[in-house]
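Naming convention: chains lettered A, B, ... in sequence-line order (proteins, then strands); numbering from 1 in each chain. Worth knowing before you read on, the calculation uses all heavy atoms, side chains too, and leaves out hydrogens, waters and symmetry mates.
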There are 2 protein chains.
Amino acid sequence: MSYKDKKVITIGVVRDLTGLSERQIRYYEERKLIFPERTPGGSRKYSFADVELLVEIANKIEDGVQTHEIRKEMLRAQKKQNQEDVRRKMIQGQLNAQFGLRKGPTS
Amino acid sequence: MSYKDKKVITIGVVRDLTGLSERQIRYYEERKLIFPERTPGGSRKYSFADVELLVEIANKIEDGVQTHEIRKEMLRAQKKQNQEDVRRKMIQGQLNAQFGLRKGPTS
DNA sequence: AAAACCATGTGAGGTATTCTAACAAACTTA
DNA sequence: TAAGTTTGTTAGAATACCTCACATGGTTTT
């Protein structure tokens, strides 16, 4: 996993990076738009990808889009992405079956 | 600046990422091997690059190298890097002067 | 219009995390 | 032996984060 996706940023830093309030950030989580990890003690940890997503969410909110609409959009995009992933993996699987290398040591 | 260099990670997360103790992380700062930023309240903030550097430092310490030796190495490497940067920029400057585009709108 | 929902601010009380400073200990170097 | 290195630990204070609840002004639904 790349730096962009590692959940290492606390909410205060996210607040400073995005300009959002902590209240807003927590609220968007409550509305299932964002999914931070937690420390053992319960503090939220976000990734840079989360930060970018939060900015996108904030822009849509500013445009008057409601959180449940944003959530639907995200689920649609997610589903589409999953379909593409499945197709890509199936094709790769077929190629491997026909021409690919076996598992295990090859050298 | 890339994600790798943004100072956003608190010391507890750095501890978990590196396996070092907070004591060690602060001590290496005291020995001028690492330079976190601070929040307004005084909490340290590290980058992913810092995390990688800390791991390298820890490896050298394990090999019995002392912090002041590591610091010298780092200063040497830094100086060398600066020299290379200067040369590269000078050459680029010459190329621009001879063949480069003027500043300002070009289209 | 009343009721319900949305998005956000704020405050209280509690827990988690981080800070500095100091002392100790084991080890290495001078 | 004296001095320096590295790390652990402890203490007390400050900062940061947590949840929950109530308030408010706007919008949608009934």
Side-chain angles (χ1 to χ4, degrees), chain A residues 6-48 50-76, chain B residues 6-48 50-76:
Chain A
K6 271 200 114 68
K7 308 249 181 181
V8 297
I9 313 178
T10 51
I11 197 168
V13 177
V14 174
R15 166 175 40 66
D16 295 342
L17 290 175
T18 60
L20 299 173
S21 69
E22 296 182 19
R23 184 67 168 90
Q24 287 174 304
I25 298 167
R26 295 199 189 98
Y27 180 65
Y28 301 153
E29 175 182 359
E30 185 184 323
R31 304 314 303 269
K32 300 192 194 304
L33 301 181
I34 195 102
F35 304 93
E37 290 181 359
R38 299 281 184 137
T39 65
S43 294
R44 274 167 264 249
K45 290 186 303 179
Y46 301 85
S47 66
F48 282 111
D50 290 333
V51 169
E52 289 190 6
L53 182 52
L54 279 169
V55 171
E56 287 179 41
I57 291 167
N59 287 336
K60 288 181 184 171
I61 296 272
E62 265 195 285
D63 293 350
V65 185
Q66 294 191 154
T67 52
H68 74 270
E69 261 308 314
I70 299 174
R71 175 150 167 80
K72 279 190 219 161
E73 287 176 26
M74 285 174 48
L75 290 176
R76 275 195 295 271
Chain B
K6 271 200 111 75
K7 309 252 181 178
V8 296
I9 313 178
T10 53
I11 196 166
V13 176
V14 174
R15 167 177 36 68
D16 295 343
L17 290 176
T18 60
L20 299 172
S21 68
E22 297 182 18
R23 184 70 170 89
Q24 287 174 304
I25 297 168
R26 294 198 189 98
Y27 180 66
Y28 300 152
E29 175 183 359
E30 185 183 323
R31 304 313 302 267
K32 300 190 193 306
L33 301 181
I34 195 102
F35 304 93
E37 290 181 1
R38 298 281 183 136
T39 66
S43 294
R44 274 167 263 249
K45 291 187 302 179
Y46 302 85
S47 66
F48 282 112
D50 291 332
V51 169
E52 290 189 3
L53 182 52
L54 279 169
V55 171
E56 286 180 42
I57 291 166
N59 287 336
K60 288 181 184 171
I61 295 272
E62 265 195 286
D63 293 349
V65 185
Q66 295 193 152
T67 52
H68 73 269
E69 261 309 315
I70 299 175
R71 176 151 167 78
K72 280 190 218 161
E73 287 175 27
M74 286 174 50
L75 290 176
R76 276 194 293 271

Rounding to an integer number of Å, can you tell me how far A/Glu37 CD sits from D/dC18 P? 14 Å

Below the 4.0 Å mark, does C/dG9 have OP1 or OP2 next to a side-chain nitrogen or oxygen of A/Tyr27? no

Value for OG1 (A/Thr39) from CZ (A/Arg44), rounded to nearest 0.5 Å, stands at 10.5 Å

In whole angstroms, the gap separating C1' of C/dC6 from CZ of A/Arg71 amounts to 17 Å

Can you list, by residue number, the residues of residues 15-26 of chain A that have a non-hydrogen atom closer than 4.0 angstrom to DNA chain C? A/Ser21, A/Arg23, A/Gln24

Please give, in whole Å, the distance from D/dG4 P to B/Glu69 CD? 18 Å

B/Thr67 side chain N/O closer than 4.0 Å to the phosphate oxygens (OP1, OP2) of D/dT6? yes

Taking it one step at a time, do A/Glu73 and A/Arg76 satisfy salt bridge (Lys or Arg N to Asp or Glu O under 4.0 Å)? CA-CA 5 Å; A/Glu73 287 176 26; A/Arg76 275 195 295 271; 5.2 Å; no

Please determine whether side-chain contact (heavy atoms from CB on, under 4.5 Å) holds for the pair B/Glu29 and B/Ile25, giving the CA-CA distance in whole Å, both sets of side-chain angles, and the decisive distance to 0.1 Å. CA-CA 7 Å; B/Glu29 175 183 359; B/Ile25 297 168; over 6 Å; no

Tell me which donor-acceptor pairs under 3.5 Å the side chains of residues 52-59 of chain B have, and how far apart each pair is, sequence neighbours excluded?
{"from": "B/Glu52", "atom 1": "OE1", "to": "B/Lys4", "atom 2": "NZ", "distance (Å)": "3.3"}
{"from": "B/Glu52", "atom 1": "OE2", "to": "A/Tyr3", "atom 2": "OH", "distance (Å)": "2.0"}
{"from": "B/Asn59", "atom 1": "ND2", "to": "B/Val55", "atom 2": "O", "distance (Å)": "3.4"}

DNA chain C: 5'-proximal contact among A/Thr39 and B/Gly64 (nearest heavy atom): A/Thr39

Closest-nucleotide mapping onto DNA chain D: is B/Val65 or B/Gly42 further toward the 5' terminus? I mean the 5' end. B/Val65

Side-chain N or O of A/Arg31 closer than 4.0 Å to phosphate OP1/OP2 of C/dA7: yes

Flag, side chain of B/Lys7 to backbone of B/Phe35, donor-acceptor distance under 3.5 Å: yes

Choose from D/dC18, C/dT18, D/dT28 the nucleotide whose nearest atom is closest to any side-chain atom of A/Gln66. D/dT28

Length of the line joining A/Ile11:CD1 and C/dT15:C1', which is rounded to integer Å: 15 Å

Output yes when a side-chain donor or acceptor of B/Gln24 lies under 3.5 Å from a complementary backbone atom of B/Ser21, and no otherwise. yes

Give a yes/no answer on whether the side chain of A/Tyr28 brings an N or O atom under 4.0 Å of OP1 or OP2 in C/dT8. yes

With a 3.5 Å distance limit and no angle check, can you tell me whether B/Asp50 reaches the backbone of B/Ser47 through a side-chain donor-acceptor pair? yes

Which nucleotide, D/dC18, C/dT18, C/dT20, lies nearest any side-chain atom of B/Thr10? C/dT18

Using a cut-off of less than 4.0 Å, is there contact between a side-chain N or O of B/Ser43 and OP1 or OP2 of C/dT17? no

